[in-house]
> 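So that we are looking at the same thing, I have put the structure below in structure tokens.
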2 protein chains.
Amino acid sequence: MSTTAYRDASGRRLVDYPRPSVAVDTAVLTPNPSEGLQVLLVRRDSAQRKDAWALPGTFLHEGETLADAVLRSLEQKAGLRGQAPRQLHVFDAPERDDRGWVLSVAHVVLLAADVVRPVVAARPDDVRLRPVEDATGLPFDHDDIVRMAVAEVRSSYAERPDPDRLLLEPFTLRDLRRLHEAVAGERLQPDVFRRHVKDHLVSTGEMTRGSVGRPAELFRHT
Amino acid sequence: MSTTAYRDASGRRLVDYPRPSVAVDTAVLTPNPSEGLQVLLVRRDSAQRKDAWALPGTFLHEGETLADAVLRSLEQKAGLRGQAPRQLHVFDAPERDDRGWVLSVAHVVLLAADVVRPVVAARPDDVRLRPVEDATGLPFDHDDIVRMAVAEVRSSYAERPDPDRLLLEPFTLRDLRRLHEAVAGERLQPDVFRRHVKDHLVSTGEMTRGSVGRPAELFRHT
DNA sequence: CAAATAGTGTCTCTTAGACAGTATTTG
DNA sequence: CAAATACTGTCTAAGAGACACTATTTG
């Protein structure tokens with residue numbers, strides 16, 4: 001009879017441990033051509049609070065991965081189908097949640113405006129979009145999560161073209177540049193941008209047709 | 001009577017939840033002038049296993065932060081005083097540990113060779129140093145943790161001089177370059193390195209004395 | 001043809017890297 | 001003076017950014 005497998009290094013049985021609840025909190029960012037980067041907020045359960053809006057989150061269920069918990073929370077709280085959550089940081093201050101001992105694993109998910117906008121329009125009382133610069137005064141560590149999410153997404157988009165594959169293929173360099181401008185929150189020079197990204201895309205050989213101006217080459221993600 | 005505070009968004013009481021055990025696993029890296037970057041391994045509890053060496057880790061205790069758990073595990077398993085653990089990633093596959101549902105938060109800690117060497121020398125049966133390139137075949141996700149830790153440390157040292165402040169002040173540019181060479185695992189040109197880092201240091205105005213060759217300026221971290 | 005958009009040639013400025021020189025110490 | 005180490009001047013090549021020019025479409 002071996003119970004070794006259920007003891008940790010200090011000899012305590014695993015089952016004896018007080019264990020934390022583990023939650024996920026997610027900054028859903030959406031690049032909007034005219035408004036820049038926006039973050040999705042949901043109304044909290046207790047509507048009478050001052051900080052009534054927060055990032056969507058949930059507790060991790062048994063047998064579930066963190067990414068699955070993130071996707072479930074987006075589905076439940078906002079009716080959104082997300083994809084590819086990326087971890088940012090674990091917030092672990094023992095007293096950070098007055099409901100008890102809760103660790104929160106912060107995530108970021110980037111979604112196309114086309115996907116998010118109809119969902120937000122359908123549930124204006126539960127769900128909101130706000131420019132990331134204005135999303136302050138949120139409860140818990142949510143201000144920090146928004147900051148980290150923005151930094152993560154901006155640096156990954158500065159490195160290579162549309163790493164999250166938000167654009168539908170095929171797309172023009174103009175489409176791609178508009179997306180990157182929305183992420184970066186500033187205008188990008190067409191010629192400089194072109195030389196920056198062109199080698200990381202594959203040309204389809206096709207061109208746009210019927211639009212004003214010279215037809216543009218169509219590309220796909222690598 | 002309100003129990004709202006103890007329910008999550010789906011209405012389940014927090015206390016009813018099965019909760020995961022949360023562990024920390026740490027890659028302790030040490031830059032060795034002659035051997036490059038090395039990682040600390042400790043002998044596992046069950047000595048008869050093939051993969052008898054692993055990264056030090058422990059379970060998170062109640063009221064403790066992740067960083068504190070990391071420092072405690074280094075103290076207990078290797079007799080080391082670490083500092084400033086940085087989070088790398090949460091490993092969350094439900095079946096990753098056959099003892100049950102265990103999340104592991106991977107960390108990296110960088111320590112000076114002077115600190116680590118005597119500790120390793122004193123406990124050769126429990127503790128080992130291995131070049132990071134050779135540290136493969138480790139249990140759980142430990143191979144991945146070592147890779148992520150090395151990438152993290154190398155990129156932070158490539159950006160600015162000694163961000164972990166391993167060097168005792170004051171130091172020469174030669175001392176600093178030797179450290180960076182150990183981290184990077186390759187030789188760096190003295191003149192290129194000098195121009196790279198000089199603006200991020202503060203000069204003491206003092207010089208080395210009594211050594212062979214032209215005396216060198218002494219610097220401090222900013 | 002005017003307006004609009006796509007794409008390229010090229011100039012400038014900055015920076016990284018390499019090399020070779022000068023400077024200052026010990027023995 | 002030789003050897004060792006610290007530091008600097010300068011050349012070259014590569015890259016980022018800016019600007020102006022050419023190219024091809026719609027209306």
Side-chain angles (χ1 to χ4, degrees), chain A residues 31 33-34 151 154-163 166-222, chain B residues 31 33-34 154-163 167-222:
Chain A
S34 51
R154 285 194 171 147
S155 94
S156 68
Y157 270 73
E159 265 184 43
R160 55 194 172 286
D162 193 20
L166 253 45
L167 285 181
L168 291 180
E169 297 177 335
F171 50 84
T172 65
L173 286 177
R174 178 196 181 79
D175 298 330
L176 184 64
R177 178 166 48 85
R178 292 261 190 265
L179 170 62
H180 278 249
E181 286 175 344
V183 169
E186 63 184 18
R187 279 307 180 83
L188 303 173
Q189 276 184 229
D191 56 348
V192 173
F193 181 75
R194 169 184 211 83
R195 287 191 247 250
H196 227 73
V197 301
K198 192 158 177 236
D199 290 347
H200 303 108
L201 302 172
V202 290
S203 170
T204 62
E206 307 280 304
M207 309 290 278
T208 55
R209 297 200 316 195
S211 60
V212 168
R214 175 172 169 177
E217 199 173 353
L218 290 165
F219 294 88
R220 295 188 198 286
H221 299 106
T222 36
Chain B
S34 51
R154 285 195 171 147
S155 94
S156 69
Y157 270 74
E159 264 185 43
R160 53 195 172 287
D162 193 19
L167 285 182
L168 291 180
E169 296 177 334
F171 50 83
T172 65
L173 286 177
R174 178 197 182 81
D175 299 328
L176 184 65
R177 178 166 50 85
R178 292 259 189 266
L179 170 63
H180 278 248
E181 286 175 343
V183 169
E186 64 184 17
R187 279 306 180 85
L188 303 172
Q189 274 184 232
D191 56 347
V192 173
F193 181 76
R194 170 184 211 83
R195 286 191 247 251
H196 226 74
V197 301
K198 192 157 178 237
D199 289 347
H200 304 110
L201 301 173
V202 290
S203 170
T204 61
E206 307 279 304
M207 309 290 278
T208 55
R209 297 201 315 195
S211 62
V212 168
R214 177 171 165 176
E217 201 173 351
L218 289 165
F219 293 89
R220 295 186 200 284
H221 299 103
T222 37

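Here is the naming used below: chain letters follow the sequence lines, and residue numbers restart at 1 for every chain. Just so it is clear, the model here is predicted, and its values are computed rather than measured.
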> May I ask you to test the B:Arg177-B:His180 pair for a side-chain heavy-atom distance under 4.5 Å?
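Answer no - side chains too far apart.
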
> Of the non-hydrogen atoms in B:Ala182 and B:Pro31, which two are nearest, and what is the gap between them?
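Heavy atoms of B:Ala182 and B:Pro31 come nearest at CB-CB, 3.7 Å.
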
> Please compare B:His196 and A:Leu173 by the position of their nearest nucleotide in DNA chain C and report the one closer to 5'.
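Here A:Leu173 is the residue nearer the 5' end.
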
> Sorted by first residue and then second, give each side chain to side chain donor-acceptor pair (under 3.5 Å) pair with at least one member in residues 204-215 of chain B; sequence neighbours left out.
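Qualifying pairs, neighbours excluded: none.
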
> Quick check against the 3.5 Å criterion: does A:Arg187 have a side-chain atom that pairs as donor or acceptor with the backbone of A:Glu181?
no

> Would you say a side-chain N or O of B:Arg194 is under 4.0 Å from OP1 or OP2 of D:dT8?
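Yes, B:Arg194 has a side-chain N/O under 4.0 Å of OP1/OP2 on D:dT8.
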
> Taking the side chain as every heavy atom from C-beta outward, state whether A:Leu201 and A:Thr222 have any atom pair closer than 4.5 Å.
no

> Determine whether A:Leu179 and A:Tyr157 make a side-chain contact, defined as any pair of heavy atoms from C-beta on separated by less than 4.5 Å.
yes

> If every non-hydrogen atom of A:Asp175 is compared with every non-hydrogen atom of A:Leu167, which pair is closest and at what distance?
C-CD1, 4.2 Å

> Just the endpoints, please: which first and last nucleotides of DNA chain C, 5' to 3', lie under 4.0 Å from a heavy atom of chain A?
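Result: C:dA4 to C:dT10.
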
> Pull out every residue in residues 177-193 of chain B that has a heavy atom closer than 4.0 Å to any atom of DNA chain C, ordered by number, or say none.
B:Gln189, B:Asp191, B:Val192

> Under the rule for side-chain hydrogen bond (donor to acceptor under 3.5 Å, both in side chains), what residues qualify as partners of B:His221, not counting sequence neighbours?
B:Asp162, B:Glu169

> Out of curiosity, A:Thr172 OG1 to A:Arg178 CZ, how far, rounded to the nearest 0.5 Å?
9.0 Å

> Just report the end-to-end axis angle for the helix from C:dC1-D:dG27 to C:dG27-D:dC1, five pairs per end, to 10 degrees.
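The two end axes of the helix from C:dC1-D:dG27 to C:dG27-D:dC1 meet at 10°.
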
> Among residues 206-221 of chain B, which residues get a heavy atom nearer than 4.0 Å to DNA chain D?
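Nucleic-acid contacts, sorted: B:Val212, B:Gly213, B:Arg214, B:Pro215, B:Ala216, B:Glu217.
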
> So A:Glu217 and A:Met207, do their side chains get closer than 4.5 Å, heavy atoms only?
yes

> Out of curiosity, B:Arg194 CZ to B:Asp199 CG, how far, rounded to the nearest 0.5 Å?
11.0 Å

